[in-house]
Participant: 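Mind looking over this structure? Questions follow.
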Amino acid sequence: MLLRHTTEKEIDRKALTINPAKTCQPVGAMYAALGVHGCLPHSHGSQGCCSYHRSALTRHYKEPVMAATSSFTEGSSVFGGQANLLQAIGTIFSVYDPDIIAVHSTCLSETIGDDLKQIVAKANADGKVPDGKHVIEASTPSYVGSHVTGYHNMLQSIVQHFAIKTDEAKRQVNLLAGWVEPSDMRELKRISKMMGIKTVLVPDTSDVLDAPMTGKFEMYPKGGTTIPELVSMGDSMKTVAIGEWATKGAAIALDNNCKVPFDMLDLPIGVKATDRFIMSLSKAGAVAVPEEIDRERGRLVDMITDMHQYFYGKRVALFGDPDQLLPLCEFLLDLDMVPAYVVSGTPGKTFGKRMKEIFGDKIDQVKFKNGANADMFQLHQWIKQEGVDLLIGNTYGKYIALDEKIPFLRMGFPIVDRVGHSYFPTLGYMGGIRILEKILDLLMQYQDENSPEEKVELVM
Amino acid sequence: MLLRHTTEKEIDRKALTINPAKTCQPVGAMYAALGVHGCLPHSHGSQGCCSYHRSALTRHYKEPVMAATSSFTEGSSVFGGQANLLQAIGTIFSVYDPDIIAVHSTCLSETIGDDLKQIVAKANADGKVPDGKHVIEASTPSYVGSHVTGYHNMLQSIVQHFAIKTDEAKRQVNLLAGWVEPSDMRELKRISKMMGIKTVLVPDTSDVLDAPMTGKFEMYPKGGTTIPELVSMGDSMKTVAIGEWATKGAAIALDNNCKVPFDMLDLPIGVKATDRFIMSLSKAGAVAVPEEIDRERGRLVDMITDMHQYFYGKRVALFGDPDQLLPLCEFLLDLDMVPAYVVSGTPGKTFGKRMKEIFGDKIDQVKFKNGANADMFQLHQWIKQEGVDLLIGNTYGKYIALDEKIPFLRMGFPIVDRVGHSYFPTLGYMGGIRILEKILDLLMQYQDENSPEEKVELVM
Amino acid sequence: MVKKKDYSAGLPDPTPIIDEIISKYPSKVAKKRKKAMVANDPEIDQPVQANVRTIPGIITQRGCTYAGCKGVVLGPTRDIINLVHGPIGCSFYAWLTRRNQTKPETETAENYMMYSFSTDMQDENIVFGGEVKLKEAIREAYKLFNPKAIGVFSTCPVGLIGDDVHAVSRDMKEELGINIFGFSCEGYRGVSQSAGHHIANNGIFKHVVGNNDRPREGKFQINLLGEYNIGGDAFELERLFEEAGITLVSTYSGNSTVESFAYSHTVDLNVVMCHRSINYIAEMMEEKYGIPWIKGNFIGGSSTAKTLRKVAEFFDDAELIEKVEEIIAREEAKVEAVKAAIKPKVEGKLAMMFVGGSRAHHYQDLFEELGMLTVSAGYEFAHRDDYEGRHVIPDIKIDADTRNIEELTITKTDNPELWRDDLVAKKAELEKKGYEFSHYAGMMPQMKKNSLVIDDVSHHETEKLIEFYKPDLFCAGIKEKYVVQKSGVPLKQLHSYDYGGPYAGFEGAINFYKEMERMLVTNVWNLVDTPWKSEPEIVGSMTINA
Amino acid sequence: MVKKKDYSAGLPDPTPIIDEIISKYPSKVAKKRKKAMVANDPEIDQPVQANVRTIPGIITQRGCTYAGCKGVVLGPTRDIINLVHGPIGCSFYAWLTRRNQTKPETETAENYMMYSFSTDMQDENIVFGGEVKLKEAIREAYKLFNPKAIGVFSTCPVGLIGDDVHAVSRDMKEELGINIFGFSCEGYRGVSQSAGHHIANNGIFKHVVGNNDRPREGKFQINLLGEYNIGGDAFELERLFEEAGITLVSTYSGNSTVESFAYSHTVDLNVVMCHRSINYIAEMMEEKYGIPWIKGNFIGGSSTAKTLRKVAEFFDDAELIEKVEEIIAREEAKVEAVKAAIKPKVEGKLAMMFVGGSRAHHYQDLFEELGMLTVSAGYEFAHRDDYEGRHVIPDIKIDADTRNIEELTITKTDNPELWRDDLVAKKAELEKKGYEFSHYAGMMPQMKKNSLVIDDVSHHETEKLIEFYKPDLFCAGIKEKYVVQKSGVPLKQLHSYDYGGPYAGFEGAINFYKEMERMLVTNVWNLVDTPWKSEPEIVGSMTINA
């Protein structure tokens with residue numbers, strides 16, 4: 001057994017986290033910033049943070065992940081990191097020449113009380129920021145929230161920094177994406193295009209973290225939301241924000257600062273959440289839903305009705321981020337699957353409320369927990385207590401899956417032992433078909449391999 | 001063992017086929033005809049043929065497959081099937097009201113010498129074919145070639161029946177698709193659109209055999225090449241035919257009858273075959289290759305260079321149709337994989353020639369065989385003699401894969417125990433990424449499950 | 001999505017729907033099809049046109065004679081090499097597609113069911129004849145596998161080009177010294193699979209039954225006829241017989257061996273499940289050996305209990321009767337518990353069934369147990385007796401298509417040790433008490449008044465039926481599956497069970513109830529309509545103006 | 001795709017490339033970076049700036065002190081709960097990411113390496129202090145797992161808010177009666193992972209080494225220091241030692257246990273692989289117990305043979321020497337066979353290497369064996385002695401960043417049974433014969449003239465190096481992997497081995513040769529350019545006019 005010390009016997013833990021179902025804020029800030037064109041993320045803290053975050057993102061996307069660091073030493077920790085950051089800004093603009101530096105803090109700089117706003121203001125005042133270039137900053141203390149919070153905070157900063165309301169209203173819709181794959185962001189744009197809606201998608205890591213091999217390294221790849229697009233968001237008709245944990249702050253900022261109203265939606269995972277997304281887009285853009293969208297939806301529903309018997313009643317354990325877990329649970333329930341255990345290390349009281357809404361009278365069939373005390377160790381203990389037919393989560397779930405021989409669907413962050421997630425979306429109706437294809441593959445493979453010989457089926 | 005009587009000991013078989021790597025012509029004719037809008041395939045033979053073919057196609061696509069039959073009895077077999085077919089044509093037009101009836105023969109009607117051309121001419125002469133409606137026919141004796149031959153023959157008939165050369169040249173390219181999935185046909189259209197080329201794709205089973213669930217059965221679904229499109233093919237600039245076994249006759253017919261020249265290409269599976277396809281399209285349509293095509297290609301190449309170590313040196317056994325096998329072998333070789341055994345029940349002497357071209361000085365590392373004597377039993381015997389790391393083929397490969405514990409990639413026809421193939425293409429660069437994702441999933445899962453505990457990898 | 005109808009007050013007269021259906025047909029077709037549709041009245045005899053040719057061009061469920069012979073009857077037998085003489089397709093399509101499960105005695109015992117054997121006839125075999133190739137294929141099969149039996153199945157061209165599979169089989173039997181026999185089951189014979197069943201019955205009876213007169217074993221010996229072990233049905237029945245102490249000598253042909261067929265004439269009783277496909281064997285065994293047969297039905301908890309009781313009654317053994325009652329009591333308690341939980345959720349739902357030659361009748365028991373209503377049903381390849389009961393057999397007109405299927409002339413065995421005077425006597429005695437032998441009442445007496453009986457239903461009719469009845473469940477086969485489901489009506493395959501089962505016996509009933517719960521209580525069908533279908537501002541009233 | 005260069009006539013003077021690189025830097029940065037770049041001359045001593053702060057804003061390979069302490073040194077030890085005190089990220093990122101393989105003695109023996117333990121500090125713990133939570137977390141770990149040891153690792157905020165992990169550890173050790181100890185390895189200490197190595201060495205030496213004075217076992221006892229069992233390297237070395245009859249008492253810290261650290265002071269000799277990360281333990285063991293150390297290298301067939309011989313020479317035992325020679329002869333034959341097949345295919349290829357504190361040197365042996373040329377190399381976190389050799393240690397200026405890393409004062413043990421006079425004598429005797437103890441010559445003497453040595457290479461420099469040298473292979477880590485490969489140059493990770501290996505020992509050399517064949521002989525890089533790149537009529541010269 002890989003996780004040989006895990007038993008079904010739970011104790012009441014208050015202080016020890018074992019096998020977390022989250023990581024810390026800065027990595028999220030880094031990922032969000034990479035979705036802006038010409039932007040270099042900067043980690044204001046020890047070198048290790050930046051190194052760890054770049055490594056984590058690189059392993060997941062198998063792509064270059066460029067970011068700089070303030071390289072704190074003991075001295076900076078004692079005397080404050082202002083000098084480091086000012087020097088870093090100067091060095092970065094002269095050596096790496098980005099259009100934007102997106103600075104996020106760390107537990108270190110937060111603990112010593114560095115005021116990023118003030119330091120950045122000073123950098124601007126000192127002329128360290130060349131004309132037409134930008135330094136934006138987000139406070140992302142590692143000891144608050146999770147990686148999703150960091151993404152949220154950086155996204156909010158991006159929008160706050162750039163979006164400007166002018167007198168010229170634009171026939172466009174802001175689309176604030178939660179933490180999803182480049183493929184998903186590409187899919188959101190494809191859907192918007194099919195709908196005939198001009199959208200500004202922020203962040204947009206497509207063509208950044210799924211960049212082609214061309215024989216030439218591009219420090220700032222083709223993709224990412226551009227500065228003019230970001231600026232224009234203040235004049236949009238509406239904001240459609242998907243994934244509350246990741247996008248709420250940015251949506252509110254646009255409303256507060258630029259009076260762009262917003263719809264706060266789930267990530268469009270599965271039939272119903274995608275339905276809500278399509279309807280929201282349709283209303284926001286004042287366009288009818290084109291037939292081709294109906295047809296993609298119909299293909300997903302067709303697959304559900306065709307294959308219902310394989311989904312029905314299967315017990316599922318899930319871990320990951322609330323923005324994914326909520327619509328995913330809703331989708332599984334629509335398939336007549338049984339989400340039995342749900343865990344997220346990301347805090348947020350609305351999680352429980354939303355779970356209750358989604359499960360309705362089935363809420364008693366699910367054990368769930370989120371926040372600082374919710375971890376994969378406990379999820380595994382629950383599984384030891386009563387097994388499941390499927391496990392869904394990031395690569396770390398593999399150890400549970402191998403020990404317990406549970407079919408395992410990789411979704412979430414990080415996925416470091418398989419590829420494909422950055423190329424094929426799980427959002428939208430086509431994404432739903434991909435999720436179902438993968439679930440069926442796993443369950444059917446399990447059936448094939450575990451059936452007695454006389455029960456092996458040719459047709460399934 | 002499921003295939004417990006299979007041993008590594010080969011005997012020289014001349015008469016007995018065991019576990020075929022093909023099926024018979026009519027099912028291919030039926031599939032091709034379904035790719036024409038408003039067309040009802042008709043099987044001129046015993047009821048069983050039609051029932052078997054509809055069942056086989058239904059199991060693969062999980063969609064309605066409509067087709068009629070001449071319902072031969074002993075009498076018709078003795079006295080000829082003309083009366084049956086004439087009655088069938090009348091009944092079909094009045095009850096099922098298709099725009100086209102596509103009649104294919106069977107071993108039965110071929111053996112008794114029914115002349116479909118003459119019978120159809122008589123039906124027309126007798127006024128059994130309503131105005132504006134069509135009956136087309138193809139000779140598809142089951143004892144010649146394979147299912148691919150039937151597809152080829154029906155495709156040729158479709159094109160011969162409809163395409164007309166007028167004086168008005170059209171800025172469009174004919175695209176003759178080999179036996180691929182609806183998803184692939186959709187992908188071919190997407191690629192053409194990206195290239196900015198107007199194409200007429202024949203056949204086109206997208207929106208026919210991947211139809212949405214809408215609560216309403218459509219006897220003739222939205223998709224399929226339309227009659228006006230088919231007619232217009234005679235005025236196209238060029239024909240790009242992909243898959244020699246499936247499309248050559250139709251390409252030649254267009255050249256002979258309408259003087260539309262053609263490129264005869266492999267199915268665009270993998271990098272190089274897709275490269276040739278893109279270049280052919282580019283030249284045929286007189287358009288430049290757009291950057292987005294370069295970028296999709298670059299993403300595929302990126303995945304290859306990123307994951308090369310997992311492909312390198314892995315031995316693969318393949319069975320299926322020549323049109324798939326040839327470019328797939330080329331693709332595997334490009335990945336530094338080792339196609340070790342290749343089998344197709346479909347005959348054709350050019351197969352060996354093309355294999356030699358593709359393998360070059362690696363031809364000695366592969367055992368291959370095609371035609372009436374090549375079957376899955378022999379493939380399995382070869383595997384027993386020396387194992388492989390991966391098996392690629394249709395669902396019937398499962399029995400070998402389970403017995404020998406070989407990771408198994410389902411490709412080809414029929415796939416009746418998994419879904420997804422009709423929704424996600426394997427053609428083109430994005431299709432290449434899907435193939436690689438699936439291969440990697442299989443090989444990595446095998447590694448995960450078969451590594452000693454201390455060798456289980458988090459990052460791969 | 002169709003809106004559901006309420007028939008709690010009784011079914012409506014289906015005559016208008018019959019009229020509407022046939023109105024679309026050319027007049028000759030209409031006339032013919034009308035005879036295949038009957039508004040049922042369980043109280044009276046009404047003839048149904050059955051076992052007649054399907055009209056060319058009509059989209060039918062039916063398959064061919066080869067499918068009935070090789071696919072249905074011989075397919076499930078594991079220790080015989082079933083060699084298909086013909087082009088590749090016929091062998092390919094019958095390869096593992098029927099879910100006849102089989103469990104060899106040991107891990108190395110013969111089992112050829114995962115294999116497809118074919119002579120893969122080519123052009124030149126059609127032109128010059130295929131006998132030489134067939135002989136060589138038999139030799140190769142023998143060399144590779146050393147089987148104890150090889151069956152040779154003729155496909156369409158074989159008869160036409162004059163290949164004599166019987167002569168070849170005789171020659172090769174002599175050459176190789178194993179049992180080899182042929183079937184003239186060309187696809188064009190007869191009007192459906194039914195002819196193939198008959199041909200298969202004849203072939204097995206001629207070439208296998210009686211080949212081994214091994215001594216009888218056990219007190220109560222039976223054969224189960226017409227049980228093909230789809231989804232493991234036979235395993236469930238084997239379990240029940242074994243516990244009861246009844247020796248199941250041979251099953252035709254689920255989980256079977258030719259070895260057991262060879263001594264299957266040594267039983268005391270034949271129990272016939274699928275009347276249509278196998279009654280010939282039962283009849284012939286009675287004629288030759290004096291073994292009586294009864295119709296049995298193991299679909300549904302009550303049917304299973306009833307059939308078990310009837311078998312026990314036949315043997316009239318106190319211990320056996322007690323054991324059977326004990327089993328029934330225990331199993332029915334389990335069945336009832338599940339039924340009680342599920343019935344309230346599915347009661348009153350409407351089902352229709354067009355399938356096979358037996359299931360369209362038997363499964364009505366399961367629906368009845370759940371309080372569901374079968375509004376329409378019909379067979380794919382049955383004869384009139386399967387609808388109306390065996391009492392109509394003398395009235396059935398034998399047409400040309402049936403006439404050319406061989407009818408074996410069976411004579412009483414001249415081996416006195418094999419002729420069962422004891423059973424003949426027992427039958428006579430039991431019949432006096434009202435015990436029914438050789439009896440099958442057919443489907444129609446069981447069906448509700450005004451239910452619509454349709455033989456060989458066509459696609460057009462299927463569409464109309466759905467339109468009219470708006471059923472909650474449609475039962476048919478794979479070809480119909482997605483046609484029906486696209487209309488928003490779930491379809492349960494009753495050939496393949498949709499890869500579920502077993503549905504026979506007590507466990508099977510429980511499985512089926514649960515399956516009905518899955519299919520009928522789910523909300524997945526509510527996903528079909530888009531939510532914006534009812535929001536006019538989203539569907540089309542706006543123009544794209546962004 | 002880059003075009004390859006030919007350096008068969010010798011490397012060019014790299015001064016122009018240095019100048020070009022630094023021309024892009026602000027002048028202060030340029031001045032500093034220039035000191036880290038040296039045109040190598042193996043014949044002369046040249047100082048390289050090393051182990052100094054990375055300039056803020058420069059994109060560096062380096063990580064932090066925590067990574068060096070918890071991630072590198074303590075991470076590979078399986079029977080200790082490594083509890084990270086801090087916000088969640090630090091523990092998360094060090095969770096299974098370093099491929100330190102470990103193989104517990106039994107299926108139930110302790111192994112916590114698949115687990116990530118953290119106090120997951122929250123806002124309130126930062127504001128009000130985290131000691132209470134840390135104590136409770138230790139108690140919970142004890143209650144759940146009952147481990148024999150717990151290590152506590154400080155992350156950045158810990159020191160700043162005043163949490164005393166040492167005091168907490170002492171308290172909890174007393175409370176629970178197991179070995180518990182802390183590390184002040186906050187990420188901001190030092191200038192790279194290197195500080196963390198030193199802190200880890202100190203902690204293990206203080207809290208573990210010498211805890212168990214068990215009697216010595218075996219004739220020839222050694223520790224292997226600085227071998228982390230990436231990809232199973234240690235397994236391969238264990239295999240060799242075991243066959244030779246040499247007892248490997250403890251490995252620091254691949255496939256290791258704290259249990260074995262506790263008695264690791266009972267050996268006769270320490271063999272140091274990774275000089276940078278572990279020389280402190282070797283030095284301290286010699287100071288305290290009189291155990292001498294030698295530098296070893298098991299990367300490459302010849303290095304492995306050389307090191308094995310050196311160990312045997314130390315023990316000066318005829319049987320041992322014979323056994324070692326037998327092993328070397330057998331294994332080198334295998335190595336040579338593979339090398340002979342592959343070398344012709346890769347000879348003359350250019351490599352560069354920027355990684356770690358040891359591998360950038362050791363792997364040059366493997367490239368040499370294959371006839372490949374290392375054109376440029378440097379370490380990520382080494383000190384000057386790793387470049388220039390230990391003879392420069394006295395000259396190294398200790399700056400503020402290094403000064404605040406604790407330097408333990410070690411005194412000779414007062415236990416006469418543990419102080420190894422015998423070894424002290426042996427060392428003196430062998431040294432007379434020219435045997436080198438406590439010796440490491442560094443990377444530069446081995447490198448070619450005009451090869452370019454760069455410490456703490458930056459992203460900008462990496463890009464320029466590729467542009468200039470157009471190497472066939474680049475060796476670095478995961479952050480550099482795809483950056484370099486996007487330029488069409490394959491990158492071999494020398495931290496994680498790209499999930500391959502082992503590369504140590506004889507088997508390892510064979511694996512590495514094969515890996516070079518895979519990476520350098522493949523045609524996949526030829527797929528990078530589109531074929532229409534060179535067809536002007538396809539790329540852009542035509543307008544879309546269809």
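Below, chains carry the letters A, B, ... as their sequence lines are ordered, and counting in each starts from 1. Computed from a prediction, not measured in an experiment: that's the story for all the values here.
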Participant: Would A:Asp302 and C:Lys486 count as a salt bridge (charged side-chain N to carboxylate O under 4.0 Å, His left out) if you check the C-alpha gap in whole Å, the side-chain angles of each, and the deciding distance to 0.1 Å?
Facilitator: CA-CA 8 Å; A:Asp302 199 56; C:Lys486 284 282 195 237; 2.9 Å; yes
Participant: Should we count NZ of A:Lys193 as having more than 12 external heavy atoms under 6.0 Å?
Facilitator: no
Participant: Hey, are the side chains of A:Ile304 and C:Leu527 touching, using non-hydrogen atoms and a 4.5 Å cut-off?
Facilitator: yes
Participant: Please indicate whether C:Glu242 has more than 12 foreign heavy atoms, meaning atoms of other residues, nucleotides or ligands, lying under 6.0 Å from its CD.
Facilitator: no
Participant: Side chains of A:Asp294 and C:Trp532: donor-acceptor distance under 3.5 Å anywhere?
Facilitator: yes
Participant: When rounded to the nearest 0.5 angstrom, what distance separates OG1 in C:Thr530 from CZ in A:Arg295?
Facilitator: 13.0 Å
Participant: From C:Leu491 CG over to A:Thr305 OG1, what is the distance, rounded to the nearest 0.5 angstrom?
Facilitator: 11.5 Å
Participant: Would you say the side chain of C:Val524 lies within less than 4.5 Å of the side chain of A:Leu335, judging by non-hydrogen atoms?
Facilitator: no
Participant: Heavy-atom distance under 4.5 Å to chain A: side chain of C:Asp498, backbone, both or neither?
Facilitator: both
Participant: So what's closer than 4.5 Å to chain A heavy atoms on C:Met114: side chain, backbone, both or neither?
Facilitator: side chain
Participant: Of all of A:Glu453, A:Met460, A:Lys455, which one pairs up most often with chain C through heavy atoms under 4.5 Å apart?
Facilitator: A:Lys455
Participant: Under 4.5 Å heavy-atom distance to chain C, tell me which part of A:Lys170 shows up: side chain, backbone, both or neither.
Facilitator: neither
Participant: Does any backbone or side-chain atom of C:Thr102 lie under 4.5 Å from a heavy atom of chain A? Answer side chain, backbone, both or neither.
Facilitator: backbone
Participant: Measuring heavy-atom distances to chain A, does C:Gln485 have an atom under 4.5 Å in its side chain, in its backbone, in both, or in neither?
Facilitator: side chain
Participant: Are there more than 12 heavy atoms of other residues, nucleotides or ligands under 6.0 Å from atom OH of A:Tyr446?
Facilitator: no
Participant: Counting only non-hydrogen atoms closer than 4.5 Å, does A:Leu333 touch chain C with its backbone (N, CA, C, O), its side chain (CB onward), both, or neither?
Facilitator: neither
Participant: With rounding to the nearest 0.5 Å, note down the distance linking CG in A:Asp275 to CG in C:Asp529.
Facilitator: 11.0 Å
Participant: Counting N and O atoms only, with roles assigned by atom type, does the side chain of A:Arg297 sit under 3.5 Å from a partner on the main chain of C:Val528, one being a donor and the other an acceptor?
Facilitator: yes
Participant: What's the separation between atom CE in C:Met519 and atom CD in A:Gln309, rounded to the nearest 0.5 Å?
Facilitator: 8.0 Å
Participant: Most heavy-atom pairs under 4.5 angstrom with chain C, which of A:Val456, A:Val459, A:Asp336?
Facilitator: A:Val459
Participant: Side chains of A:Leu458 and C:Thr97: does their closest heavy-atom pair fall under 4.5 Å?
Facilitator: yes
Participant: With heavy-atom distances below 4.5 Å as the criterion, would you say the side chains of C:Gln101 and A:Glu457 are in contact?
Facilitator: yes
Participant: Would you say that C:Lys514 contacts A:Tyr312 through its side chain, given a criterion of any heavy-atom pair below 4.5 Å between the two side chains?
Facilitator: no
Participant: For C:Arg518, is it the side chain, the backbone, both or neither that has a heavy atom under 4.5 Å from a heavy atom of chain A?
Facilitator: both
